[in-house]
Protein chains: 2
Amino acid sequence: MISADVPDIIIGRLPVYLRALNLLLEEGREIIASQELADKLGISSAQIRKDLSHFGEFGKQGTGYEIKYLREQLRKILKVDRELDVALVGAGDLGHAIAHHGNFDRNGFHIVAVFDHNPQKIGANMGRFQILGSESMPTVIQEMGIQLAIIAVPADSAQQVADILIKAGVRAILSYAPITLNVPSKVRVQYIDPVVHLQRMTYYL
Amino acid sequence: MISADVPDIIIGRLPVYLRALNLLLEEGREIIASQELADKLGISSAQIRKDLSHFGEFGKQGTGYEIKYLREQLRKILKVDRELDVALVGAGDLGHAIAHHGNFDRNGFHIVAVFDHNPQKIGANMGRFQILGSESMPTVIQEMGIQLAIIAVPADSAQQVADILIKAGVRAILSYAPITLNVPSKVRVQYIDPVVHLQRMTYYL
DNA sequence: TAGATTGTTAATCGATTAACAATC
DNA sequence: TAGATTGTTAATCGATTAACAATC
């Protein structure tokens, strides 16, 4: 597993492989060949084998991959073989849906703090969380050593929130705000903008 | 605008350009050079110019791009210069957040029908929508001529929902369900899985 | 005109795939 | 052993970028 520098595009596919393996395990499957996995994901089997080869040898010739084993390896590679704390900023409809979305917890991502700047909301409960004021973000994030954050605030405050998060030590941000964030290169950002996703498909209508 | 066959990866960037142009217009800007836009988006100016060149000539040497004009052209190219009807399947927390997310309407995507299969929910109101039963999906979608759908149901019913939608005439699906859908090649799918997005970043922690 | 920036070409860079020896 | 599938190489394919003539 001497993974010098693996292209980001490959890292991006590993979670999709992992998700498929989880599903196969739930179905009771034990072994899978790259070809069958590829068919399920709509990609080529060579790509799967090549992607995995960046990290080691996980299969067996003539047989395929032991699903449980490959899953554990992928979880280690992606560093999701552990529990991770996540901060959520924004307690609106979207924040509410995120906070209650069981898939995060089920995958080891635990929302441990919810922030909002609306005085009406601060101190109130959103599900099992008490909403904290934005001004406490730096200290709470620093003291809890939180490295992951989700931004679910409107576009016009997203950059400001990102700046505060990064200063407090956050190293990866999942942003639902419809703007491109300006961040230092050591910080990773992923965007979810449903409008952009829809607009990527209307071209083909 | 003789756009024979433009690579999908280029189509995928156009909505991001469009979003940035909208923001610039809101700020009162009238002209922008590819270099400044590139800096804002963290990409190269050559890429922006090359991407646009697939569709025509939209800029002026020595000056840059007239933002309003370029925006209109991009809207036409992406076919978002019109109002589009969208069906939403799934009236849980996520569906609720989607239905109330003003950004869809603001960008011409109008949710016109919300479906759920939970008898407890059918007939109830979710905001301004009355929730329809799943069994009415085929007829409602066909009769309204809906081409776009958003899937916000659990993984285990997503494929079944997709099959019904496609049979009813839907041509593009935005899926929040954490599975890879199996669809005919004429149907476009985009996925939003926040867990996958987070897992794409933990590798770098 | 002088300066700036586009649109486009050609070169570079990187990703995907076909194919097959190795091997279970 | 015979059959199947991996891991890997080399070739192909496609995307990005540097550079500059054209031109506003």
Side-chain angles (χ1 to χ4, degrees), chain A residues 1-17 20-21 24 29-74 77 185 200 203, chain B residues 1-17 20-21 24 29-74 77 185 200 203:
Chain A
M1 216 199 281
I2 313 123
S3 46
D5 74 317
V6 180
D8 185 61
I9 198 163
I10 291 178
I11 302 301
R13 283 191 291 261
L14 301 187
V16 179
Y17 299 167
L21 295 175
L24 286 163
R29 292 285 304 274
E30 297 191 343
I31 303 282
I32 192 159
S34 60
Q35 186 59 62
E36 189 187 349
L37 187 56
D39 289 344
K40 283 189 185 296
L41 300 178
I43 59 177
S44 80
S45 64
Q47 182 162 76
I48 292 175
R49 295 198 303 277
K50 186 111 218 285
D51 284 356
L52 296 178
S53 77
H54 283 88
F55 304 97
E57 308 190 354
F58 307 117
K60 199 183 275 190
Q61 281 101 326
T63 309
Y65 299 87
E66 218 239 301
I67 298 172
K68 214 163 185 172
Y69 176 72
L70 181 55
R71 177 179 71 163
E72 282 325 294
Q73 298 307 308
L74 285 180
I77 292 165
S185 63
R200 281 180 178 155
Y203 172 81
Chain B
M1 217 196 284
I2 315 120
S3 45
D5 74 315
V6 180
D8 186 60
I9 197 163
I10 291 179
I11 302 302
R13 283 191 292 261
L14 301 188
V16 179
Y17 299 167
L21 295 176
L24 286 164
R29 292 286 302 276
E30 297 191 343
I31 303 283
I32 192 159
S34 59
Q35 185 59 62
E36 189 187 349
L37 187 56
D39 289 344
K40 283 191 185 297
L41 300 179
I43 59 176
S44 80
S45 64
Q47 183 162 75
I48 292 176
R49 296 198 302 278
K50 185 112 217 287
D51 284 356
L52 296 178
S53 76
H54 284 87
F55 304 96
E57 307 190 355
F58 306 118
K60 197 183 275 190
Q61 281 102 325
T63 310
Y65 299 88
E66 218 239 302
I67 298 173
K68 214 163 186 171
Y69 176 71
L70 181 56
R71 177 178 71 162
E72 282 324 295
Q73 298 306 308
L74 286 179
I77 292 165
S185 63
R200 281 179 178 157
Y203 172 81

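Naming: A, B, ... by sequence-line order, numbering from 1 per chain.
- Counting heavy atoms from C-beta outward, B:L74 and B:F55 have side chains that stay 4.5 Å or more apart.
- The CZ atom of A:R49 sits 16 Å away from the P atom of C:dT23 (whole-angstrom rounding).
- With rounding to whole Å, A:F55 atom CZ is found 13 Å from D:dT8 atom P.
- Nucleotide C:dA19 holds its P atom 14 Å from the CD atom of A:Q35, rounded to whole Å.
- Look at B:Y65 and you'll find a side-chain N or O under 4.0 angstrom from OP1 or OP2 of C:dG7.
- To the nearest 0.5 Å, atom CD1 of residue A:I31 and atom NZ of residue A:K60 are 7.0 Å apart.
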Produce the list of close N/O pairs, under 3.5 Å, pairing protein atoms with atoms of nucleotides 1-4 of chain C; give distances to one decimal.
none

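- The structure places CG of B:L24 at 6.0 Å from CG of B:L21, a figure rounded to the nearest 0.5 Å.
- If you measure from atom CD1 of A:I31 to atom C1' of D:dT5, you get 12 Å, rounded to the nearest angstrom.
- Here the closest heavy-atom approach between residue A:I77 and residue B:Y203 is recorded as O-CD1, 3.3 Å.
- Separating the CD atom in A:E30 from the NZ atom in A:K68 is a distance of 8.0 Å, to the nearest 0.5 Å.
- Checking B:S45 against A:A46, the closest nucleotide of DNA chain C that is more toward the 5' end is the one next to B:S45.
- Atom CG of A:L41 is separated from atom P of C:dT17 by 13 Å (rounded to the nearest Å).
- In this structure, the side chains of A:L37 and A:R49 stay at 4.5 Å or more apart for every pair of heavy atoms.
- Here the closest heavy-atom approach between residue A:L41 and residue A:A20 is recorded as CD2-CB, 4.0 Å.
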Audit row: A:I32, A:L70, side chain to side chain contact (heavy atoms under 4.5 Å, CB included) steps and yes/no: CA-CA 10 Å; A:I32 192 159; A:L70 181 55; 5.7 Å; no
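- Side-chain nitrogen and oxygen atoms of A:S34 include none within less than 4.0 Å of the OP1 or OP2 phosphate oxygen of D:dT5.
- With hydrogens and angles left out, the side-chain atoms of A:Q47 and A:D51 include no donor and acceptor closer than 3.5 Å.
- At a non-hydrogen distance threshold of 4.0 Å, A:I9, A:R13 from residues 8-17 of chain A come into contact with DNA chain C.
- A:F58 has its side chain out of reach of A:E72: every pair of non-hydrogen atoms, C-beta onward, lies at least 4.5 Å apart.
- Between the C1' atom of D:dT17 and the CD1 atom of B:I48 lies a distance of 13 Å, rounded to the nearest Å.
- Atom-to-atom, CG of B:D51 to P of C:dG7 comes out at 12 Å; the value is rounded to the nearest Å.
- With rounding to the nearest 0.5 Å, the separation of CD in B:E36 from OH in B:Y65 is 13.5 Å.
- Spacing between atom OH of B:Y69 and atom C1' of C:dT6 amounts to 14 Å, rounded to whole angstrom units.
- Looking at which nucleotide of DNA chain C each of A:K60 and A:S44 is closest to, the 5′-most match is held by A:S44.
- Residues A:R200 and B:P15 come closest through the heavy atom pair CG-CG, 3.9 Å.
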Dot-bracket pairing map - DNA chain D, Watson-Crick plus G-U, both contacts under 3.5 Å, | cross-strand: ..||||||||||||||||||||||
